[in-house]
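Naming: A, B, ... by sequence-line order, numbering from 1 per chain. The shown structure was predicted, so the numbers you read here are calculated from the model rather than taken from an experiment.
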Amino acid sequence: MVTIRLHNSKTRRKEDFVPLNPGNVRMYVCGPTVYDRAHLGNGRPVVVFDTLFRLLRHVYGPDHVTYVRNFTDVDDKINATAQARKAAGDPRSLEALIRERTEETIGWYHADMDALGALRPTQEPRATEFIGAMISMIEGLIAGGHAYEKAGHVLFRVRSYKDYGALSGRSVDDMIAGARVEVAPFKEDPMDFVLWKPSDADLPGWESPWGRGRPGWHIECSAMSYELLGASFDIHGGGLDLQFPHHENEIAQSCCAHPEAGFAQVWMHNEMLQVEGKKMSKSLGNFFTVRDLLDQGVPGEVIRFVYLSTHYRKPMDWTAEKAKEAEATLRKWRALVADVDAEGAEPDHIVVAVLSDDLNTAGAISALHAVYQHVEHSGVGKASFKAAANILGLLQDGMGAWAEPVDLAGPTMRLSELREVAMSTKDFAAVDAMKSALTAAGVEVRMSKAGVVLLPGLGFDPEKLRGL
RNA sequence: GGCGGGUUGGCGGAGAGGUUACGCAGCGGAUUGCAAAUCCGUGAAGACCGGUUCGAUUCCGGUACCCGCCUCCA
């Protein structure tokens, strides 16, 4: 069996991955807050951990991996959207408006992430379905002396957990010295964070031992991972920006609530995303969603390829140039395995080995280039090539419509005839005219002794072919 | 201010203490009505300064620059 090695943020080292139970490998990844479309940065961890999910399924068997990714549907931004709609005159209740907004956003998320070729996780719990579990965990923390109630809030007592800061390499004292902590009079210590907060009538709330209120952000992941994966599980993933404070707080909560267990064994964090060398932000005008790209005609598979062409622990720069290169490569690869069935085929072992070394997707893509060369020349190993690409979620059946030939038989025939005539008359004017028209419509024109081949490119516009 | 990460050839981007990464672009050639595509071949790197070593781009230290987090933005 292949040994998977993973860089563990907790130990800052690459380690052999040894699951607690090979019969059920368990992974939890922090999912989206469902208040709006997923932007390009949101897609990166989805594709990264989907690739890990696929690798784990390959190594341990598809039925022996449990992948949980949550939906955060309790959030002030969701509330704000709902309140805005209500203020605009919508007669429905706030709860109904919130439900509508989160349902709508989850639908978008699924559609967009499906387009990136990501498998649905085994379970996708919503925070609102686990409020009871959060309340019990908070009660346990209070009973254990790790949390306290004050002014309608319940706060986690950071000083009660000696390893607080270990994941992100910070000490409580250093952070306080940094002085960027929220000042709240009811906190025992400035670093203490909210487990539960009161809701007034204009906000969604649940009854609790501390009155009507709603959970703080961090407790949901602790409660849901415990309910669905247990007190100890294998991998916890998310973006690097979540390392502090979110994951640090999760560890504190979970380890104090279940001191006998180890919580997550391996922590993985993907680096952030940039666009054309700059941080993606609305103020710079380079902010866009996955849906924006899909609507512009960039295939989801191309977006996925670009994500995977940079190692997950390095900042990734999205550029139009990369998308162009990715498209060309995928077209070439898809042409090679157009009619190949990879079902049951053994994926190329070098690609798998490279990928198993801390999810080296960029290295795996390079290895695929080498395998392609070999298969191209020898004609053998197509299924193995495709199966290896499939572990990266590339060249999946059903995702290649964008690369499939469009019926251009008519223009092909006409151009062939024109060329036939021109070859004898030596007057190529008509041929060249038609060729430029085709090129302008986004069609790639290939002419050789073997004949004429027309291939639609990314910007192919069938409308422009009318009249040809 | 505190913590963490990065700096590889024209561009993108990996691995490895010593032997070609790879892709794109470029250049030369085959092919071509022209071009595209394809194929063959080919040049090009390791921010800076020290240290360890027979030998470092790869390990260690320092400098410069860049980036992220510390503000419920993945």
Check your understanding: H246(A) and E250(A): side-chain hydrogen bond (donor to acceptor under 3.5 Å, both in side chains), yes or no, with the steps?
Key -> CA-CA 6 Å; H246(A) 184 56; E250(A) 264 189 66; 3.0 Å; yes
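- No engagement by V354(A) is indicated, since no non-hydrogen atom pair under 4.0 Å with the nucleic acid exists.
- The ring pair (Phe, Tyr, Trp, His ring centres under 6.0 Å) search around H153(A) returns F186(A), not counting sequence neighbours.
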Check your understanding: So what does the secondary structure string of RNA chain B come out as, 5' to 3', with Watson-Crick or wobble pairs under 3.5 angstrom, [ ] for crossing and | for pairs with another strand?
Key -> (((((((..(((.....[...))).(((((.......)))))....(((((..]....))))))))))))....
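- Judged by distance alone with a 3.5 Å cut-off, a donor-acceptor contact links the side chain of H39(A) to the base of rA74(B).
- Here the side chain of W217(A) is nearest to one of rC72(B), rA74(B), rA36(B), namely rC72(B).
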Exercise for review: Under the side-chain hydrogen bond (donor to acceptor under 3.5 Å, both in side chains) rule, what do D73(A) and T128(A) come out as? Steps first, then yes or no, please.
Suggested key: CA-CA 6 Å; D73(A) 57 352; T128(A) 49; 2.6 Å; yes
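- Residue R44(A) is out of contact with every strand shown, counting any heavy-atom pair closer than 4.0 Å.
- Comparing the P positions of rG6(B) and rG41(B) gives a spacing of 36 Å, expressed to the nearest Å.
- D292(A) places a side-chain N or O within 3.5 Å of a backbone atom of T289(A) that can act as its donor or acceptor partner.
- Applying the ring pair (Phe, Tyr, Trp, His ring centres under 6.0 Å) rule to Y109(A) yields the partners F71(A); only residues at least two apart in sequence or on another chain are considered.
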Exercise for review: Determine, step by step, whether W217(A) and F193(A) satisfy the ring pair (Phe, Tyr, Trp, His ring centres under 6.0 Å) criterion, reporting the C-alpha distance in whole Å, the side-chain angles of both residues, the deciding distance to 0.1 Å, and the verdict.
Suggested key: CA-CA 10 Å; W217(A) 174 37; F193(A) 57 90; over 10 Å; no
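- With hydrogens and angles ignored, no donor-acceptor pair under 3.5 angstrom links the side chain of D427(A) to the base of rG33(B).
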Quick test: give all pairs of protein nitrogen or oxygen and nucleotides 19-30 of chain B nitrogen or oxygen below 3.5 Å, distance rounded to 0.1 Å.
from: rA21(B); atom 1: N1; to: S366(A); atom 2: OG; distance (Å): 2.9

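- Residues from residues 110-125 of chain A that place a heavy atom under 4.0 Å from any atom of RNA chain B: there are none.
- Residue contacts shown for N360(A) are limited to sugar-phosphate atoms, with no base heavy atom under 4.0 Å away.
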Can I get a per-line list of side-chain donor-acceptor pairs under 3.5 Å for residues 432-441 of chain A, giving both atom names and the distance, sequence neighbours left out?
from: S436(A); atom 1: OG; to: D432(A); atom 2: O; distance (Å): 2.5
from: T439(A); atom 1: OG1; to: K435(A); atom 2: O; distance (Å): 2.8

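- Listed by first and then second residue, the side chain to side chain donor-acceptor pair (under 3.5 Å) pairs involving residues 26-46 of chain A are Y28(A)-N70(A), R37(A)-D112(A), H39(A)-N42(A) (not counting sequence neighbours).
- Among the heavy atoms of the strands, none lies under 4.0 Å from H7(A).
- Looking at heavy-atom distances under 4.0 Å, G169(A) makes contact with sugar-phosphate atoms alone, never a base.
- Not a single ring pair (Phe, Tyr, Trp, His ring centres under 6.0 Å) links Y312(A) to another residue, sequence neighbours left out.
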Atom pairs, N/O to N/O, protein against nucleotides 67-69 of chain B, distance under 3.5 Å?
from: rC69(B); atom 1: OP1; to: K279(A); atom 2: NZ; distance (Å): 3.3
from: rC69(B); atom 1: O2'; to: F244(A); atom 2: O; distance (Å): 3.4
from: rC69(B); atom 1: O2; to: R170(A); atom 2: NH2; distance (Å): 3.4

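- Judged by distance alone, with hydrogens and angles left aside, the side-chain atoms of K279(A) form no donor-acceptor pair with the main-chain N or O of M272(A) at under 3.5 Å.
- In terms of position on RNA chain B, the residue among M423(A) and P32(A) whose nearest nucleotide sits closer to the 5' end is M423(A).
- Residues S168(A) and R170(A) have side chains that bring a donor and an acceptor to within less than 3.5 angstrom of each other.
- Among the atoms of the strands shown, only primed sugar atoms or phosphate atoms (P, OP1, OP2) are found under 4.0 Å from some heavy atom of T310(A).
- Nucleic acid contact for L273(A): base, since at least one base atom lies under 4.0 Å from a heavy atom of the residue.
- Distances shown here put a side-chain N or O of R419(A) below 4.0 Å from the OP1 or OP2 atom of rG33(B).
- Regarding contacts with the backbone of rG12(B), every side-chain N or O of K324(A) stays at 4.0 angstrom or more from both OP1 and OP2.
- For the pair G31(A) and K435(A), both in contact range of RNA chain B, the more 5′-proximal nearest nucleotide belongs to K435(A).
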Ignoring hydrogens and angles, write down the donor-acceptor pairs under 3.5 Å from the side chains of residues 313-320 of chain A, residues two or more places apart or on other chains.
from: R313(A); atom 1: NE; to: D358(A); atom 2: OD2; distance (Å): 3.0
from: R313(A); atom 1: NH2; to: D358(A); atom 2: OD2; distance (Å): 3.0
from: D317(A); atom 1: OD1; to: E276(A); atom 2: N; distance (Å): 3.0
from: D317(A); atom 1: OD1; to: G277(A); atom 2: N; distance (Å): 2.6
from: D317(A); atom 1: OD2; to: G277(A); atom 2: N; distance (Å): 3.1
from: T319(A); atom 1: OG1; to: K322(A); atom 2: N; distance (Å): 3.1

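- Partners of W210(A) according to the ring pair (Phe, Tyr, Trp, His ring centres under 6.0 Å) rule, which considers only residues two or more places apart in sequence or in another chain, are W196(A).
- Nucleic acid contact for D432(A): base, since at least one base atom lies under 4.0 Å from a heavy atom of the residue.
- Remark: R69(A) is not positioned above the aromatic ring of F49(A), lacking an NZ or CZ atom under 6.0 angstrom from the ring centre and at most 45 degrees off the axis.
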Sequence neighbours left out, cut at 3.5 Å: what donor-acceptor pairs do the side chains of residues 113-120 of chain A make with other protein atoms?
from: D114(A); atom 1: OD1; to: R120(A); atom 2: NE; distance (Å): 3.0
from: D114(A); atom 1: OD2; to: R120(A); atom 2: NH2; distance (Å): 2.8

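- Contact check, H377(A) against rC40(B): a side-chain N or O comes under 4.0 Å of OP1 or OP2.
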